[in-house]
There are 2 protein chains.
Amino acid sequence: MAIDKSEIVRKLVPVFRHYGYEGATLSRISKATELGRASLYHHFPAGKQGMAQAVLTYLGEWFDATILDPLQSDKEPVERLKAMSDSLNQFYNHGQDSCILSAFSWGEGHDLFHAQVQQALKTWVDRLTQVLIEADLSAALARQRAEDAVIQIQGALVLTRGLNSTAPFERILMQLPDELLKLA
Amino acid sequence: MAIDKSEIVRKLVPVFRHYGYEGATLSRISKATELGRASLYHHFPAGKQGMAQAVLTYLGEWFDATILDPLQSDKEPVERLKAMSDSLNQFYNHGQDSCILSAFSWGEGHDLFHAQVQQALKTWVDRLTQVLIEADLSAALARQRAEDAVIQIQGALVLTRGLNSTAPFERILMQLPDELLKLA
DNA sequence: GTCTATATAGGGATAGAC
DNA sequence: GTCTATCCCTATATAGAC
């Protein structure tokens with residue numbers, strides 16, 4: 001019978017997020033999914049790379065639906081940005097879970113997935129830029145602020161894991177909407 | 001005869017920075033240093049972990065001497081911060097080289113070096129806080145801005161590698177001094 | 001201080017029975 | 001769809017000659 005594939009992928013996610021691509025060994029994956037090697041290769045004929053791709057796709061869809069699409073709603077810009085902060089806090093578990101885009105930016109993971117990582121980051125910045133333009137910021141300033149937003153989120157994730165405290169991440173998220181919209 | 005140990009460590013640095021701890025295999029290390037396995041273990045009896053520790057110590061000393069100590073000079077705060085930006089641009093090669101602190105924050109690297117990573121980040125934030133207090137910011141605001149600075153630098157490194165462009169990193173560094181000192 | 005050879009474990013991946 | 005067994009390769013690490 002057709003098993004719930006996305007159920008497996010959901011169990012794959014934390015392994016790749018925590019260990020990165022090269023650190024996500026078949027042993028760790030097997031343990032986390034409670035599936036033997038043969039089963040894993042049955043579901044993912046492309047092997048480990050296929051599993052990583054499935055994780056990337058799964059999280060990408062979650063991100064699109066939960067973070068990016070609401071940025072295009074018809075609510076006020078400030079409301080859309082607040083909604084993004086709330087969803088990001090969930091998505092990154094208060095900053096305790098790392099971003100797959102940075103987890104895949106080392107060694108072999110970088111070689112394999114750089115194009116997709118780049119595309120995801122660009123899309124995120126583009127969508128944010130659009131919201132800020134709708135809030136009457138100049139195109140140039142909007143793009144700069146959008147970039148700043150992504151920078152602050154990614155940096156806060158690094159600091160939060162490094163300092164072992166969720167405080168920096170949650171503070172950044174809270175300040176973000178007003179800071180992005182403030183007058184130059 | 002005593003060989004120049006730090007010469008070897010210098011060659012070790014880019015390997016651990018690029019691949020992280022688990023991705024820095026003996027093969028890659030051997031290739032980068034042009035030393036055979038036996039030679040590597042002769043110089044580093046503690047093996048790979050010892051090599052990683054040597055890299056961490058080496059970069060830590062460079063960072064202390066080049067970034068942190070000048071923050072305590074008797075120049076004007078704004079001048080000290082500008083000097084930090086310049087040195088960081090060198091240290092991270094315009095954002096193209098990653099931070100060893102984030103490279104060691106995955107999997108086994110995290111387990112082994114988290115305490116040292118945490119200490120290094122804390123020290124950096126503390127030193128910056130002190131400079132901002134000397135610039136007449138309140139203690140609370142100074143600490144928050146100091147944290148923001150490290151967040152922005154780390155985030156810009158992520159974005160710069162992800163987008164394959166040095167622009168975000170260099171822009172952040174350029175804006176940093178004035179932004180940290182601006183009135184609330 | 002570096003070489004060759006080797007030990008032992010674990011890596012990713014596959015075959016065939018069930 | 002999962003199991004056991006196995007393949008080949010690479011991982012870290014060490015021993016002993018030179």
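Proteins get letters first, then strands, A, B, ... in listed order; numbering begins at 1 in each.
Side chain of A:Thr33 to main chain of A:Lys11: no donor-acceptor pair is present (N/O by atom type, distance under 3.5 Å, no hydrogens or angles).
For the 3.5 Å distance criterion, the side chains of A:Glu61 and A:Thr57 fail to qualify, holding no donor opposite an acceptor.
By the 6.0 Å and 45° rule, B:Lys48 does not stack over the aromatic ring of B:Phe16. The side-chain tip of A:Arg17 points at the ring of A:Phe91 from less than 6.0 angstrom away and within 45° of straight on.
Considering only heavy atoms from C-beta on, A:Leu137 stays 4.5 Å or farther from A:Leu183 through its side chain. Contact of the B:Val15 side chain with the B:Met51 side chain is not registered, since no non-hydrogen atoms from C-beta on lie closer than 4.5 Å.
What separates CD of B:Gln49 from P of D:dA13 is a distance of 8 Å, to the nearest Å. A straight line from CD of B:Glu34 to P of C:dG1 spans 17 Å, rounded to a whole angstrom. A:Glu108 has its CD atom 12 Å from the P atom of D:dT10, to the nearest Å. We find that CG of B:Leu26 is positioned 16 Å from P of C:dG10, with the value rounded to whole Å. What separates CE of A:Met51 from C1' of C:dA13 is a distance of 10 Å, to the nearest Å. In this structure, the CG atom of A:Leu40 is 11 Å from the P atom of C:dA13, given to the nearest Å. With rounding to whole Å, B:Lys48 atom NZ is found 8 Å from D:dT12 atom C1'. Look at CZ on A:Phe44: it is 12 Å from P on D:dG1, rounded to the nearest Å.
Scanning residues 17-25 of chain B for heavy-atom distances under 4.0 Å to DNA chain D yields B:Ala24, B:Thr25.
In this structure, the nucleotide among C:dA13, D:dT12, D:dT4 sitting nearest to the side chain of A:Arg37 is C:dA13. Comparing C:dC3, C:dA15, C:dG11 by their closest approach to the side chain of A:Ser27 singles out C:dG11.
Dashed line: the shortest gap from a side-chain N or O of B:Tyr41 to OP1 or OP2 of D:dA13 is under 4.0 Å. Remark: A:His43 is in phosphate contact with D:dT2, judged by side-chain N or O atoms under 4.0 Å from OP1 or OP2. At C:dG1, one or more side-chain N or O atoms of B:His42 fall inside 4.0 Å of OP1 or OP2 (strictly under the cut-off).
Checking B:Cys99, B:Ser102, B:Ser105 one by one against A:Val158, the side-chain contact (heavy atoms from CB on, under 4.5 Å) holds for a single residue, B:Ser102.
Comparing A:Ala46 and B:Ile8 by the nucleotide of DNA chain C that holds the closest heavy atom to each, the one mapping nearer the 5' end is B:Ile8.
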